[in-house]
Protein chains: 2
Amino acid sequence: MFRLLAARGASTRPQLGEVLGLSRPTLSAAIAELEDAGLASKVGELQGALGRKASVYRPGLNAGHVIAVDAGSTHIRLRVSSIDRRLLHSRIYRLPSSQFFLGEEISRAVAEEVAAALAEADPAWGPLQAIGIALPARVVGPQGDAKATRQQAIFSCFEPPADIPVVLENNVNCAAVAEHSNGIAQDHETFAYVQIGFKIGMGIMLAGKLLRGRNGAAGEISHLAFPMANGMRPIPGEIEHYMGTEALMQRVVGEWPQSASAPPTDAADLMERAAGGDATARAHVERHAEDIGAIVASCVSMVDPGLVVLGGGLGANPLILPTVHEVANRLSYPVEVRTSSLGQDATVLGIEKLATEHAVNLILGEAKP
Amino acid sequence: MFRLLAARGASTRPQLGEVLGLSRPTLSAAIAELEDAGLASKVGELQGALGRKASVYRPGLNAGHVIAVDAGSTHIRLRVSSIDRRLLHSRIYRLPSSQFFLGEEISRAVAEEVAAALAEADPAWGPLQAIGIALPARVVGPQGDAKATRQQAIFSCFEPPADIPVVLENNVNCAAVAEHSNGIAQDHETFAYVQIGFKIGMGIMLAGKLLRGRNGAAGEISHLAFPMANGMRPIPGEIEHYMGTEALMQRVVGEWPQSASAPPTDAADLMERAAGGDATARAHVERHAEDIGAIVASCVSMVDPGLVVLGGGLGANPLILPTVHEVANRLSYPVEVRTSSLGQDATVLGIEKLATEHAVNLILGEAKP
DNA sequence: TTATTATGTTAGGCAGCCTAACAAAATTTT
DNA sequence: AAAATTTTGTTAGGCTGCCTAACATAATAA
């Protein structure tokens, strides 16, 4: 009941009853109980086409709020939101320098931004229930071996407020969650999100739940066996080097015809020239799209998600969509391919969703801090 | 309650109560109800170390039985079992010739074996509740597009008895189910089963449930992108040709030193010589194990199952285990690797498990025929 | 004004499960 | 052999969560 109210936001009793399949007396009793506990409060009335007005309820003051942080390689994005995901406050901070790995730089910036957000706190937001942080690192669950990952580095310079639970999740997984809750995959309970940019990664959503895996490594396609061919031996992590923008641009610049204009300076430049009709740029983009299509095909051959959403600096460009779709479907099994529509906010929206879910579980006593 | 009785087989009330967390009065009432419906019957008593004897119950006559068929490429294996998986009757039929694909040959043989099994039926078995058939083909669920697969070919010469529901499943998925219910993966709710032999395939079990995918293609690693390397373009289905025993033996024979004894005649011969210490055979097996390790690494990078069980003509050989384990863990993330222990019976045991589960769902009115 | 429709409340009941207490049947202790 | 202990099973009574039925309330439509 409360879970649904938190997920839907403002709702009337009939709306909740329809979803839950409960009778009106039951609904009234439940709402009364939630109001007594301060977990629901009436915020207005809704007039249907006919008949009496329905009261509209929202999570109450005691439901509180969460802080969601995208601890990215270049920016820290932070959102403070109510438990039903209304935005209360947001911040963006650009790191002085790009970070290859999660480390002290990022931890320090997160500490500052969270402190600033805490200073803005308004009593009307209710209590802070959780802090969610999306990390550019592998993250293991409570039963996993946290020492085997880099995830603890987020706490090197950042100490969360006492007694506030912290939710950690991999940033690509967060983006997948966001595509499901806010983005292009809202109509699919099962899909894969593939991120192609500086690094590569994948998030897998199965029946509405994130697949994490035993080591939090599900979707870590940076470790797909590559190169993989007769007579070759794969090298750990090599596919990320091959597919990442850095190696791509090296190949582009290396093969750029001397007769033509100066080679593109970065991936964005390359994509722009390809969009503008430059044949050389187009060919390189096409080639890269084929490689992305091959990765998608491997994903389909393994988990057959039915839908793959493309994101990341390169992946989110609609230019590559047709080729990725064509190659993936030719190599494996029918799969729909879509381009992400959330842009830079995907990750922070995803960790926000996970943080609010965790907060609801805590309030309902169904999870440990 | 009935579901648990079917899963456990003979059980006492206290045993069921402990698992379900129900009180003794509730248990008594439920058992009485099941006995009235003919779905449970007392089959004996069990004396503990101390205290009164406990009555032992089993699924009753009305619970009936199922027929499970492994419609394999070389053999048809059939088991008739009670709903709690006690073997009532079994048959094996060797096909006159190996079948590359599911077709009329297999369908005809299945028809004959099922007819023979039906003729053996004993009234004490109760009603036939379901026929399960494991197919060497992709199988889609009820909501999928059955016309896109070869699965309907099983019915070209075989017509199941009227009103008897038929459960179809891919044979590799069945083997995975069997490893979970009867085999080496009983202690893992999440794992992948990788079959390497004439063909290659994978079955993925997540939280105790088979991952099927949108097109029934989850685990169809025969369509992983291959070859996959800088400057190469993948070819659909090529990895199955490369990894299958046929191509392996071609390479082995082609590279066999002329000075030595005659090259091995088949994969079993190769493995035997490798086990016997033949250096050339060993090198080839080692090389193949590396390739299998690479595939396992790709699987781990995608779904991170924590455990991979190796099966199939080549995969089930313990000789390859160390190398597969070493390569997979070097290329990706920590994963345990085990060798299947079920042998040729894996598939039929798996489809038996699925058929009994379906039968229980039907009896409980939780599935459609 | 009256009819219709949707929302919300009151009253009463049923299903599923529980605990407490007791009865029955086995063992161990006296 | 009798008594105490332990486990299984039954009986009685009660609680929780939900339901339906009927009624009250408040809006629009006729």
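Here is the naming used below: chain letters follow the sequence lines, and residue numbers restart at 1 for every chain.
- If you check every strand for non-hydrogen atoms under 4.0 Å, B:Ala49 touches sugar and phosphate atoms only.
- The nearest heavy atom of DNA chain D to A:Leu27 and to A:Gly51 marks one nucleotide each, and the one closer to the 5' end goes with A:Leu27.
- Applying the 4.0 Å criterion to OP1 and OP2 of D:dC19, one finds that A:Thr26 has a side-chain N or O inside that range.
- For the OP1/OP2 pair of D:dC18 and a distance below 4.0 Å, the side-chain nitrogens and oxygens of A:Ser23 include no atom meeting the criterion.
- Counting any heavy atom pair closer than 4.0 Å across all strands shown, A:Leu22 reaches sugar-phosphate atoms only and no base atom.
- A:Ser55 and A:Lys42 share a donor-acceptor pair across their side chains, judged by distance under 3.5 Å alone.
- Atom CD of A:Glu18 is surrounded by 12 or fewer heavy atoms from other residues, nucleotides or ligands within 6.0 Å.
- Checking A:Glu179 against A:Ser340 by side-chain atom types alone, a donor-acceptor pair falls below 3.5 Å.
- Backbone-only engagement by B:Ser55 is indicated by non-hydrogen atom pairs under 4.0 Å involving sugar-phosphate atoms exclusively.
- Taking the nucleotide of DNA chain D with the nearest heavy atom to each of A:Arg52 and B:Val56, the more 5' of the two is matched to B:Val56.
- A:Gly21 comes within 4.0 angstrom of the backbone, heavy atoms only, and of no base.
- For the pair B:His180 (side chain) and B:His188 (backbone), a donor-acceptor distance under 3.5 Å is present.
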